[in-house]
Peer 1: 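This structure is in structure tokens; I'll ask about it shortly.
What you see is a predicted model, and the numbers here were worked out from it, not measured in a lab.
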Number of protein chains: 2
Amino acid sequence: MVRTVFEKPDAIALVAEVFRELGYEGASMSEITARTKLSKGSLYHFFPGGKEDMAAEIMAHIDSWFVTEMFQPLEEGEPRAAILNMWETTDSYFRSGRRVCLIGAFALDETRDRFSSAIRSYFHRWIEALAGALKRAGLPRLEARALAEEAVVGIQGALTLARALGDETIFGRMLERLKKRVEAALVR
Amino acid sequence: MVRTVFEKPDAIALVAEVFRELGYEGASMSEITARTKLSKGSLYHFFPGGKEDMAAEIMAHIDSWFVTEMFQPLEEGEPRAAILNMWETTDSYFRSGRRVCLIGAFALDETRDRFSSAIRSYFHRWIEALAGALKRAGLPRLEARALAEEAVVGIQGALTLARALGDETIFGRMLERLKKRVEAALVR
DNA sequence: GACCTTATAAACCGATCGGTCTATTAGAAA
DNA sequence: TTTCTAATAGACCGATCGGTTTATAAGGTC
């Protein structure tokens with residue numbers, strides 16, 4: 001009998017993709033084992049707390065990825081470069097809109113109540129980090145805040161519509177518009 | 001024993017609210033009976049096809065509501081008035097962001113595959129209707145198309161973030177921004 | 001009041017749910 | 001090579017799933 005041995009980071013990434021595709025309730029243990037090829041034994045070995053544990057670890061993993069790749073550069077780095085990096089990172093992470101935002105999806109149904117603080121802090125930090133960078137790049141505080149909010153809203157909305165319409169181009173168009181708007185505000 | 005007698009439109013509205021709160025997979029029959037006070041007998045009387053039937057009827061109901069209240073005015077009425085009506089209707093329908101867009105939520109997980117054509121046509125018609133009104137109000141075709149897309153994207157994104165952040169004000173702010181942007185484009 | 005259609009209640013069904021448990025294997029350490 | 005721990009496989013569990021069925025009550029029509 002051939003057995004594949006996984007390590008926890010791989011398990012997190014594999015299970016994450018199933019939650020992304022099926023949602024929290026839709027991702028049954030049998031679907032998770034079928035799609036990831038991880039047996040129940042493996043899953044409960046890595047995630048003793050079951051589904052809720054999996055989701056929590058996945059969200060923490062996503063959050064820390066965004067912190068290092070996007071939020072910290074926005075918070076601490078050269079603001080204009082960090083903002084340009086954000087557009088790039090967003091486009092590649094969400095695969096030009098073909099990939100769902102798991103944290104955004106969790107926010108919509110009752111799953112939100114289980115993970116409300118993780119969900120809230122993810123989006124809050126994203127908006128605040130971007131607003132901070134915009135301010136350091138020269139925008140007045142209120143304008144920076146509004147523009148940051150609008151960008152994160154636009155990204156989430158575009159992800160929803162990309163899937164709803166089955167349209168591979170809408171996400172890129174929206175990202176381009178947001179980028180132009182930010183650049184226009186900065187040169188003004 | 002006291003029995004309450006329902007009619008189908010009431011049943012649709014009650015079940016819709018449960019799907020909205022729990023999502024398609026999360027809305028189990030036991031949760032639906034508990035929250036709506038409709039027994040299984042009643043539910044399968046009104047919806048012989050079960051959950052899938054319920055969801056399909058609910059989406060059709062929502063769609064036809066939007067057609068009469070928003071899309072047809074945008075398509076046939078005086079464009080500026082219809083657009084103003086759209087902001088109002090959107091704000092009140094989504095209860096200033098406290099209410100989830102069920103069709104948008106269905107688009108995110110595998111539920112989309114069951115109802116893909118209904119989901120696609122709802123958003124497609126919304127964008128096209130708004131783009132048409134903007135064009136009739138004087139905007140060039142491409143600009144009207146882009147602005148319409150941006151408005152629907154912004155509404156969906158604001159709904160996601162309103163729930164994610166537990167913020168009752170973000171939806172109104174976003175709607176106001178979109179409205180301003182449309183008006184600015186029209187007077188230009 | 002008799003009759004009939006529509007709607008309701010709840011017991012019941014097999015299938016699947018999330019989760020537990022035991023036995024076994026892979027692979028690093030000595 | 002022996003030993004030990006981390007990882008895997010899958011049978012098994014009670015609870016809940018979506019759905020069916022039977023019996024009964026509501027409420028309009030005559």
Peer 1: Test: salt bridge (charged side-chain N to carboxylate O under 4.0 Å, His left out). Region: residues 55-70 of chain A. Which pairs qualify, not counting sequence neighbours?
Peer 2: A:Lys8-A:Glu57
Peer 1: Below 4.0 angstrom, which residues in residues 33-61 of chain B have at least one non-hydrogen atom near DNA chain D?
Peer 2: B:Lys40, B:Tyr44, B:Gly50, B:Lys51
Peer 1: May I have the distance from B:Ile32 (atom CD1) to C:dA9 (atom C1'), rounded to whole angstrom?
Peer 2: 17 Å
Peer 1: D:dC17, OP1 or OP2 - any side-chain N/O from B:Ser30 closer than 4.0 Å?
Peer 2: yes
Peer 1: When you measure from the centre of the six-membered ring of A:Phe106, is the NZ or CZ of A:Arg112 under 6.0 Å away and within 45° of the axis?
Peer 2: no
Peer 1: Any idea how A:Trp126 and A:Phe123 line up, ring-wise: parallel (<30°), tilted (30 to 60°), or perpendicular (>60°)?
Peer 2: parallel
Peer 1: Between the protein and nucleotides 28-30 of chain C, list every N/O to N/O distance that falls short of 3.5 Å.
Peer 2:
none

Peer 1: Test B:Val15 against every option in B:Asp10, B:Ile32, B:Thr33 by the side-chain contact (heavy atoms from CB on, under 4.5 Å) rule and name the one that passes.
Peer 2: B:Ile32
Peer 1: From the list C:dA26, C:dG18, C:dT8, which nucleotide is the closest neighbour of the side chain of B:Phe6?
Peer 2: C:dT8
Peer 1: Specify the separation, in whole Å, of atom OH of A:Tyr24 and atom C1' of C:dC17.
Peer 2: 12 Å
Peer 1: When we call it a touch if two heavy atoms are under 4.0 Å apart, what does A:Ala27 touch: a base, just sugar-phosphate, or nothing?
Peer 2: sugar-phosphate
Peer 1: Cation-pi check, A:Arg99 to A:Tyr93: give yes when NZ or CZ is under 6.0 Å from the six-membered ring centre and within 45° of the ring axis, no otherwise.
Peer 2: yes
Peer 1: What is the distance, to the nearest angstrom, from the CD atom on B:Glu31 to the C1' atom on D:dG19?
Peer 2: 18 Å
